[in-house]
Amino acid sequence: MSAPNIETIVSLSKRRGFVFPASEIYGGLGSSWDYGPLGVELANNIKKSWWRWLVYERDDIEGIDSSIIQNRLVWKYSGHEQTFHDPLVDCRTCKGRFRLDKLLDVQCVDHPEVHPGENKDCSLTEAREFNLMFRTTMGAVSSDDDPAALAYLRPETAQGIFINFANVLNTSRRKLPFGIAQIGKAFRNEVTPGNFIFRTREFEQMEMEYFCRAEDAPRLHQEWIDGFQAWLQSLGISAANMSLYEQSAEELAHYAERTVDIMYRFFPEREDESKQWDELMGIANRTDYDLRVHSKKPEDAEGKRINPDSTEDLSYFDPQTSERFYPYVIEPAIGVNRTLLAVMMDAYTEKTNEKGEVRVILKLKPEMAPIKVAVLPLAKNNDEIVTMAKKIKHELQSSMRTVYDDTGGIGKLYARQDEIGTPFCVTVDHESLDDHAVTVRDRDTWVQERVDVDSLSEYLGSRLR
Ligand code: ATP
């Protein structure tokens, strides 16, 4: 089983401290969210897994961390100033403002039971283009619209990689094919954000640009599509809730040769199965477009430099063939926040206990679990038990994220840990004082085992692996 809808995860997140509405004490801020004590751990675990898989466990990828604010020319030559638009429509009746291609994700203001355009009263305007980049000004400015001071918050992390291509190539002495990976915040002034953390105006991306020869690009593209499906499954996302979407020729970005989206069943409650899916990540073959447009040399059909502002040529010299060319690039791009939502939705299960009560169990993979072990004293008024439990917590915490909790009866404490996905609870009871052993309870099976304290760390470590 997985979560029946996103709302279930919204309320679990608020109740247990994964994600809170941002600026809540001032009435909130449309579609902004703050990550609480458990949410930040889960997000970090996702980012660590991505980074380890790409940067540490392979031999051909380097990491970088580029600035959020770059020279405005980056966004001029990348094409974002000209083309990073979404089609915007207004409803003359309800005064709502919507993204034309995402009407299904939102409700009509006057008739929330239907989507915009689906009611006879709805009167949508023609679509017009709306640029999604957040604008700001940099330095002391004469006026708010001083063009010399205009800057943008990056709408994607990818461009920070392209403009550093020569820096990374020269310092790391890489040969094709190789990749550059980056994790960081991105900002888009989305027309209709919503669906919890699925679409927000501030979010975090994990992007990798894999540079290669043109003739190798189709094969490597397919390898990354396969590889990312396997990685997502390693996070606990089931194959049954993932699907592939091949972008049609009309949908493809003008520079892309082929783009495949990995879709997740974010909307299982929708009756029409085909409408249950939305993009979790995109994997594009972007050709040599990006390195070309940021380079000083390439010329257009009339012999004019396409980029008279760049001071660098981002081409690659192959010493074996003595050829110089602009590498193709395969880009797997995924959002941390959407991944977190998919991981939580997929891990969500319910189980009925012997008293007939429904309990939530978040069956996260141990690697994803914000807390690996909870140490619980059976009697919080017994000093010896409490001391022993706290000592065990301190011994475990250097090798696995461990918490101590004595704020309720044992049944309640177990239920709380199940709900946040803690794989193991360790209970210290009266017998522990005599036999130097504790009860280890498994989150998924509720089976309890007696384990000697001296071998506890090793026992838990091996089960968590
Ligand atoms: P969409 O079609 O959903 O707007 P996109 O195709 O514009 O997404 P990309 O530019 O390919 O998205 O960005 C790569 C990834 O970044 C997406 O697959 C998604 O996981 C994440 N992402 C993009 N926009 C947002 C957003 N507004 N909020 C949260 N995550 C986002």
Side-chain angles (χ1 to χ4, degrees), residues 1-14 16-19 31 33 35-36 38-54 102 104-105 183 185-186 188 190 193-200 202-208 224-245 259-270 273-283 332-350 360-370 419-421:
M1 134 172 220
S2 47
N5 49 43
I6 291 180
E7 280 313 307
T8 309
I9 302 300
V10 177
S11 80
L12 169 62
S13 293
K14 176 92 204 283
R16 291 301 183 204
F18 283 91
V19 184
S31 298
W33 300 89
Y35 289 75
L38 301 176
V40 67
E41 297 290 344
L42 177 50
N44 282 343
N45 291 341
I46 290 168
K47 289 186 272 186
K48 272 189 274 181
S49 170
W50 186 88
W51 194 269
R52 197 177 51 244
W53 177 55
L54 292 176
K102 297 283 174 189
L104 264 187
D105 291 355
I183 299 177
K185 288 270 172 117
R188 297 183 188 177
E190 297 277 0
N195 289 315
F196 189 39
I197 54 174
F198 176 81
R199 187 181 302 287
T200 49
E202 172 180 341
F203 56 100
E204 203 165 13
Q205 287 187 313
M206 302 183 280
E207 294 195 295
M208 196 272 291
W224 282 114
I225 296 166
D226 299 340
F228 264 93
Q229 288 178 88
W231 177 72
L232 288 165
Q233 285 186 46
S234 81
L235 304 188
I237 300 177
S238 57
N241 284 330
M242 272 193 279
S243 64
L244 294 183
Y245 178 76
T259 298
V260 173
D261 293 335
I262 299 184
M263 314 289 276
Y264 181 75
R265 202 190 296 273
F266 283 108
F267 306 99
E269 74 281 11
R270 290 183 183 162
E273 217 258 342
S274 68
K275 294 185 175 149
Q276 294 178 351
W277 307 90
D278 213 328
E279 177 181 330
L280 172 58
M281 71 176 297
I283 307 170
I334 184 163
V336 174
N337 320 78
R338 272 187 206 180
T339 309
L340 185 144
L341 179 56
V343 165
M344 285 187 78
M345 287 186 79
D346 230 280
Y348 184 94
T349 59
E350 289 174 357
V360 172
I361 309 180
L362 204 58
K363 292 194 176 176
L364 295 170
K365 291 260 177 174
E367 190 196 358
M368 290 296 110
E419 209 175 6
I420 65 174

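Index from 1, following the sequence. Note that these values count all heavy atoms, side chains included, but never hydrogens, waters or copies made by symmetry. For clarity, every value in this text was computed on a predicted model and none was experimentally measured.
Summarising the geometry of Ala369 relative to Gly421, their closest heavy-atom pair is CB-O, 3.4 Å, with the distance given to 0.1 Å. Taking both residues in full, the closest heavy atoms of Leu340 and Ala43 are given as CD1-N, 3.7 Å, listed atom of the first, atom of the second, then distance. Val40 and Tyr35 get closest at one heavy-atom pair: N-CB, 4.0 Å. Here the closest heavy-atom approach between residue Ala342 and residue Tyr264 is recorded as O-OH, 3.6 Å. Nearest heavy atom pair, residue Ala347 against residue Leu364, reads CB-CD2, 3.6 Å. Considering every non-hydrogen atom in both Thr339 and Met206, the closest pair reads OG1-CE, 4.2 Å.
By the 4.5 Å heavy-atom criterion applied to side chains, Ile225 and Gln229 are counted as neighbours. Asn241 has its side chain out of reach of Met345: every pair of non-hydrogen atoms, C-beta onward, lies at least 4.5 Å apart. Counting only heavy atoms from C-beta outward, the side chains of Ile420 and Phe18 approach each other to under 4.5 Å. In this structure, Asn337 and Leu341 have side chains that are not in contact, with every pair of non-hydrogen atoms separated by 4.5 Å or more. In this structure, the side chains of Phe228 and Trp50 come closer than 4.5 Å at one or more pairs of heavy atoms. Between Pro332 and Ile283, some side-chain heavy-atom pair lies under the 4.5 Å cut-off. When side chains are defined from C-beta on, Asp278 does not count as touching Asn195, because their heavy atoms never get closer than 4.5 Å. Side chains of Ser13 and Met344 form a contact here, defined as non-hydrogen atoms less than 4.5 Å apart.
The ring pair (Phe, Tyr, Trp, His ring centres under 6.0 Å) test applied to Phe203 returns no partner, not counting sequence neighbours. With sequence neighbours left out, Trp277 forms a ring pair (Phe, Tyr, Trp, His ring centres under 6.0 Å) with no residue at all. Scored by the side chain to side chain contact (heavy atoms under 4.5 Å, CB included) test, Glu269 finds Asn5, Phe267 as partners (sequence neighbours excluded). Qualifying salt bridge (charged side-chain N to carboxylate O under 4.0 Å, His left out) partners for Arg188, counting only residues two or more places apart in sequence or in other chains: none. Judged as a ring pair (Phe, Tyr, Trp, His ring centres under 6.0 Å), and not counting sequence neighbours, the contacts of Phe198 are Phe266. Residues meeting the side chain to side chain contact (heavy atoms under 4.5 Å, CB included) test with Asp261, sequence neighbours left out: Tyr245, Gln247, Thr259, Met263, Glu279.
Below 30°, between 30° and 60°, or above 60°: for Trp53 and Trp224 the angle between ring planes is above 60°, a perpendicular geometry.
For the atom pair Arg199 CZ and Glu190 CD, the distance stands at 4.5 Å (nearest 0.5 Å). Interatomic distance, Arg338 CZ to Glu204 CD, rounded to the nearest 0.5 Å: 14.0 Å. With rounding to the nearest 0.5 Å, the separation of CD1 in Ile6 from OG in Ser11 is 12.5 Å. The OG atom of Ser243 sits 9.5 Å away from atom CD1 of Ile262, with the distance rounded to the nearest 0.5 Å. Note: Ser49 OG to Leu54 CG = 9.0 Å, rounded to the nearest 0.5 Å. To the nearest 0.5 Å, the span separating NZ on Lys48 from CE on Met368 amounts to 9.0 Å.
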- Would Thr8 and Val360 count as a side-chain contact (heavy atoms from CB on, under 4.5 Å) if you check the C-alpha gap in whole Å, the side-chain angles of each, and the deciding distance to 0.1 Å? CA-CA 11 Å; Thr8 309; Val360 172; over 6 Å; no
- Message: Evaluate Gln276 against Arg265 for side-chain hydrogen bond (donor to acceptor under 3.5 Å, both in side chains), listing each step before the verdict.
- Response: CA-CA 5 Å; Gln276 294 178 351; Arg265 202 190 296 273; 2.6 Å; yes
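A salt bridge is defined here as a Lys NZ or Arg NE, NH1 or NH2 lying under 4.0 Å from an Asp or Glu carboxylate O, and Asp346 with Lys365 fails to meet this definition. Salt-bridge formation is detected for the pair Glu367/Arg52: a Lys NZ or Arg NE/NH1/NH2 atom is positioned less than 4.0 Å from an Asp or Glu carboxylate oxygen.
None of Leu362, Asn45, Ile237 except one satisfies the side chain to side chain contact (heavy atoms under 4.5 Å, CB included) rule with Val343; the exception is Ile237.
Counting only distance, with no hydrogens or angles, the side chain of Thr349 and the backbone of Ile361 share a donor-acceptor pair below 3.5 Å.
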